[in-house]
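A quick write-up on the structure given underneath.
Below, chain A is the first sequence line, B the second, and so on; all start at residue 1.
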Amino acid sequence: MDQPNVNHLLEGLNPEQRRAVECGDGPVLVLAGAGSGKTRVLIQRIAYLIATGRASADEIMAVTFTNKAAGEMKERLERLGHTHLHHGWIGTFHSLGARILRREAVHLGLESTFNIYDQDDSLNCVKLILDELDIPGERMPPRLAAHYISQAKNAFVDPQQFKTMVENDKMQMAAEVYPRYVQMLRANNAVDFDDLLLLPVVLFRNHPNILEYYQEKFRYILVDEYQDTNRTQYHLLQLLAQKHRNLFVVGDDDQSIYRWRGADLRNILDFGRDYPDCQVFRLEQNYRSTQNILDAAHSVIVKNQGRHEKRLWTQKEAGEKVHIIEAASEREEAEVIVQKINEEFLSNKRTLRDFVILYRTNAQSRAIEDALRRHGIAYIIVGGIRFYERKEIKDVLAYLKVVANPLDSISLRRIINYPLRGIGEATVRKIQNYALQHRITLLEAMKHTDEIENLSPRLRHTIKAFYQFIAKYISLKDKISVTELANSMVEETGILQNFKAEGTPDALTRMENIRELLNAISEYARNVENPSLEGFLEQVSLITDIDTWDDRSNAVSLMTLHSAKGLEFPVVFISGLEEGLFPLSRNMDSQDELEEERRLFYVGATRAREKLYLTYARTRSRFGEFQRNGMPSRFLNELDPAVVELFQTRPAYYSRSRPSSGSAHRHRAPRPEPEPQAMPDYENFSQEQVLFRKGMRIRHSHFGAGRVEAIEGHGENMKIVVAFGDGRIRKIMVKYATIEIL
DNA sequence: GAGCCACCCGTTTTT
DNA sequence: CGGGTGGCTC
């Protein structure tokens with residue numbers, strides 16, 4: 001093919017990246033390590049395909065993991081001159097799936113106005129079904145049933161198949177719920193998250209002609225983060241790529257962290273078997289981190305069995321060692337992090353946006369937030385309670401969902417008595433029964449209140465009034481703007497006034513949140529070409545935490561390790577490195593799950609450009625009350641001692657420490673407080689030694705203060721022999737005891 | 001039907 | 001600690 005001017009698209013790429021960008025047609029697997037420039041390769045590849053005339057912009061489908069990544073990709077392509085890509089098929093699996101479903105809804109027995117249910121809505125459906133089936137919550141926790149169903153959908157297992165896979169009575173009950181659940185969603189003209197992937201596959205399997213259209217359309221398919229695709233996504237890609245076979249996937253098996261959500265490593269590990277003629281490119285040069293950081297990350301990840309051997313390298317200097325910091329408590333851990341941020345801030349001319357603090361669970365953010373607030377440091381937090389999952393927001397959205405899709409009885413139930421209008425559970429049941437008898441929807445049934453038995457005249461009136469209220473907005477939907485509709489509807493419900501009248505700080509916050517939602521709607525209406533109620537609701541449903549994260553704001557970022565995937569920061573803190581927390585105790589027994597935790601550590605560590613701090617606390621409060629002593633995470637022990645340096649917040653803790661003789665912080669002046677100290681016998685660094693030593697003074701929750709006389713066993717089975725103040729010597733099983741180190 | 005209180009449970013991680 | 005639930009009273 002005669003090549004127009006594409007040299008600028010290849011400039012600055014290393015040879016392997018370049019080969020990947022300009023390779024010929026057919027399946028392609030790019031094994032791209034962390035920080036190896038995979039996003040760049042994807043973008044340049046798209047630009048290259050267009051520039052060389054191999055495909056037009058709308059013949060390319062590019063799938064990313066988050067909307068944010070999709071947005072960045074579009075932006076960078078636009079900067080390369082591809083403005084027409086703005087409307088292209090670049091997005092997440094879920095958003096692209098939704099787009100296909102909206103277009104083809106009719107072939108699946110859906111209307112194009114279908115609503116997208118989040119887990120909360122799904123859970124409500126499952127609860128209703130369990131009620132219907134007379135299965136009490138103690139016998140079958142609704143969350144578990146929902147989980148089984150979701151897993152099945154992710155693994156591309158339909159209700160019939162699921163029945164044959166039942167292994168225990170819980171699964172048996174889930175097997176009963178599953179078909180009914182599918183039915184219920186259909187009846188409500190709704191789909192759940194998993195359906196956004198699953199239903200397109202069903203569609204394509206049942207309608208070869210439709211499949212053919214999309215196969216023809218998408219000459220080139222590019223997929224980012226391929227290691228985190230599940231089985232259903234795998235089928236979707238296989239179907240779409242069957243014709244042109246131009247499937248270009250980029251991934252890194254070491255960064256697969258969504259197994260729990262159905263991600264299947266087989267997809268990437270077996271790519272070569274599925275596509276024997278595929279071209280494989282390996283990007284192992286890292287452009288992000290210092291050598292020490294890479295070595296540290298590598299020394300941990302190699303402990304995994306199920307991985308492709310590979311090693312990242314960099315041309316960057318070794319850089320500083322990785323710092324491990326031990327703190328006495330979670331509060332102190334947070335303080336130390338703040339202190340390090342201050343030091344860095346002062347000595348290295350950094351800005352707040354250079355820092356990220358990562359943790360395993362959202363709950364850990366609290367202590368860190370407190371410390372940041374105490375010190376007046378601006379921070380932005382990703383995740384936790386999402387804006388669109390707040391109760392008051394979901395309530396307002398439910399109003400809009402019912403207007404957008406009157407078949408949605410789940411949303412209708414949510415608002416039928418909110419704000420309180422006296423239509424309680426018993427009344428809803430009566431209406432529901434009438435609806436079932438006459439095979440109409442819940443909303444329609446409300447129109448016929450006169451025919452429903454055992455209702456007081458007042459209640460009849462209330463129900464009818466509510467019906468008319470909803471009906472009015474349904475008829476207004478296409479006549480007034482989304483903004484007007486939402487504002488007017490919220491106004492008429494009186495929700496805002498109620499909060500105002502209540503006057504509590506909590507109520508006022510909720511009021512503000514609803515105002516913010518209304519702002520978001522008008523903003524949406526201003527920015528989108530053809531704003532629609534469905535469009536807004538879909539955008540809201542598919543938004544992710546990280547999508548709303550503004551990397552330009554001048555603040556320290558806080559997020560979970562999962563959220564940090566794909567990002568990079570000059571200075572990274574990974575906190576809570578304790579056995580049971582990271583790795584999380586639930587995942588410590590199974591090899592597979594432990595390996596996923598290790599990959600999560602690897603992902604976190606490789607976010608760092610220049611500095612990596614790993615912190616842990618000797619005690620941590622759980623559920624507010626209980627203090628339990630944790631041991632340092634095994635990942636710390638797995639780190640190559642040559643590239644780490646240990647700090648403690650209580651230097652006296654180690655009696656044998658000598659003045660630092662290592663060279664690592666020779667030039668450090670003035671010495672930070674507290675004083676950093678090289679671990680003297682680092683080779684022998686082990687959990688037991690960090691936690692307990694002979695002669696150490698401790699306090700037991702029951703027996704009071706005492707002195708450690710001996711240590712027996714290790715890990716889970718570690719016991720300490722303690723001489724207590726009452727003169728008695730007791731052997732304590734560390735695992736079960738609450739022990740404070742004095 | 002609604003409001004109040006006492007208990008219970010939990011928590012990964014997210015599209 | 002904080003949210004959800006179930007049982008109680010008005």
Side-chain donor-acceptor pair under 3.5 Å between A:Y214 and A:R103, yes or no? yes

Keeping A:E597 on the side-chain end and A:M588 on the backbone end, is there a donor-acceptor pair under 3.5 Å? no

With a 4.0 Å cut-off on N to O distance, would you call A:E225 and A:K565 a salt bridge? yes

What residues, two or more places apart in sequence or in another chain, satisfy side-chain hydrogen bond (donor to acceptor under 3.5 Å, both in side chains) together with A:D264? A:R266

Enumerate all atom pairs, one protein N or O and one N or O from nucleotides 12-15 of chain B, separated by less than 3.5 Å.
| residue | atom | partner | partner atom | Å |
| --- | --- | --- | --- | --- |
| B:dT12 | OP1 | A:R586 | NH1 | 2.4 |
| B:dT12 | OP2 | A:R586 | NH1 | 2.8 |
| B:dT12 | O2 | A:R360 | NH1 | 2.6 |
| B:dT12 | O2 | A:R360 | NH2 | 2.2 |
| B:dT12 | N3 | A:N587 | ND2 | 3.1 |
| B:dT12 | O4 | A:N587 | OD1 | 3.0 |
| B:dT12 | O4 | A:N587 | ND2 | 3.4 |
| B:dT13 | OP1 | A:N362 | N | 2.7 |
| B:dT13 | O2 | A:W260 | NE1 | 3.2 |
| B:dT13 | O2 | A:R360 | NH2 | 2.5 |
| B:dT13 | O2 | A:H562 | NE2 | 3.4 |
| B:dT14 | OP1 | A:T560 | OG1 | 3.0 |
| B:dT14 | OP1 | A:S563 | OG | 3.3 |
| B:dT15 | O4' | A:R261 | NH1 | 3.4 |
| B:dT15 | O3' | A:H94 | ND1 | 2.9 |
| B:dT15 | O2 | A:H94 | NE2 | 3.2 |

Can you check the distance between B:dT12 and C:dT5, where both ends of the measurement are the C1' atom (answer in whole Å)? 23 Å

Mind checking salt bridge (charged side-chain N to carboxylate O under 4.0 Å, His left out) for A:D121 and listing every partner two or more places apart, or none if nothing turns up? A:K394, A:K401

Applying side chain to side chain donor-acceptor pair (under 3.5 Å) to A:N124 and A:R414, what does each step give before you reach the verdict? CA-CA 10 Å; A:N124 284 334; A:R414 193 180 175 99; over 6 Å; no

Distance-only polar pair, side chains of A:E392 and A:N513, donor-acceptor under 3.5 Å: yes

Between A:D194 and A:N154, which heavy-atom pair has the shortest distance, and what is it? OD1-ND2, 3.3 Å

Within the 3.5 Å criterion, strictly below it, is a donor on A:R413 or A:Q432 matched to an acceptor on the partner's side chain? yes

Could you tell me the separation between the CZ atom of A:R458 and the P atom of B:dG1, rounded to a whole number of Å? 11 Å

Identify, residue by residue, the members of residues 415-429 of chain A with a heavy atom below 4.0 Å from DNA chain B, and return them in order of residue number, or none. A:N417, A:L420, A:G422, A:G424, A:E425, A:A426, A:T427

Considering only NZ, NE, NH1 and NH2 on the basic side and carboxylate oxygens on the acidic side, decide whether A:R102 and A:E538 come within less than 4.0 Å. yes

Residue pairs fulfilling salt bridge (charged side-chain N to carboxylate O under 4.0 Å, His left out) with at least one residue in residues 498-509 of chain A, sequence neighbours excluded: A:D506-A:R510

For the pair made of CZ in A:R460 and P in B:dG1, what is the distance, rounded to whole Å? 14 Å

Separation of B:dG3 atom C1' from A:E502 atom CD, nearest Å, is 13 Å

Measure from CG on A:D120 to P on C:dG3 and round the result to the nearest Å. 14 Å

Is there any protein nitrogen or oxygen under 3.5 Å from a nitrogen or oxygen in nucleotides 4-10 of chain C, and what are the pairs?
| residue | atom | partner | partner atom | Å |
| --- | --- | --- | --- | --- |
| C:dT5 | OP1 | A:K127 | NZ | 3.3 |

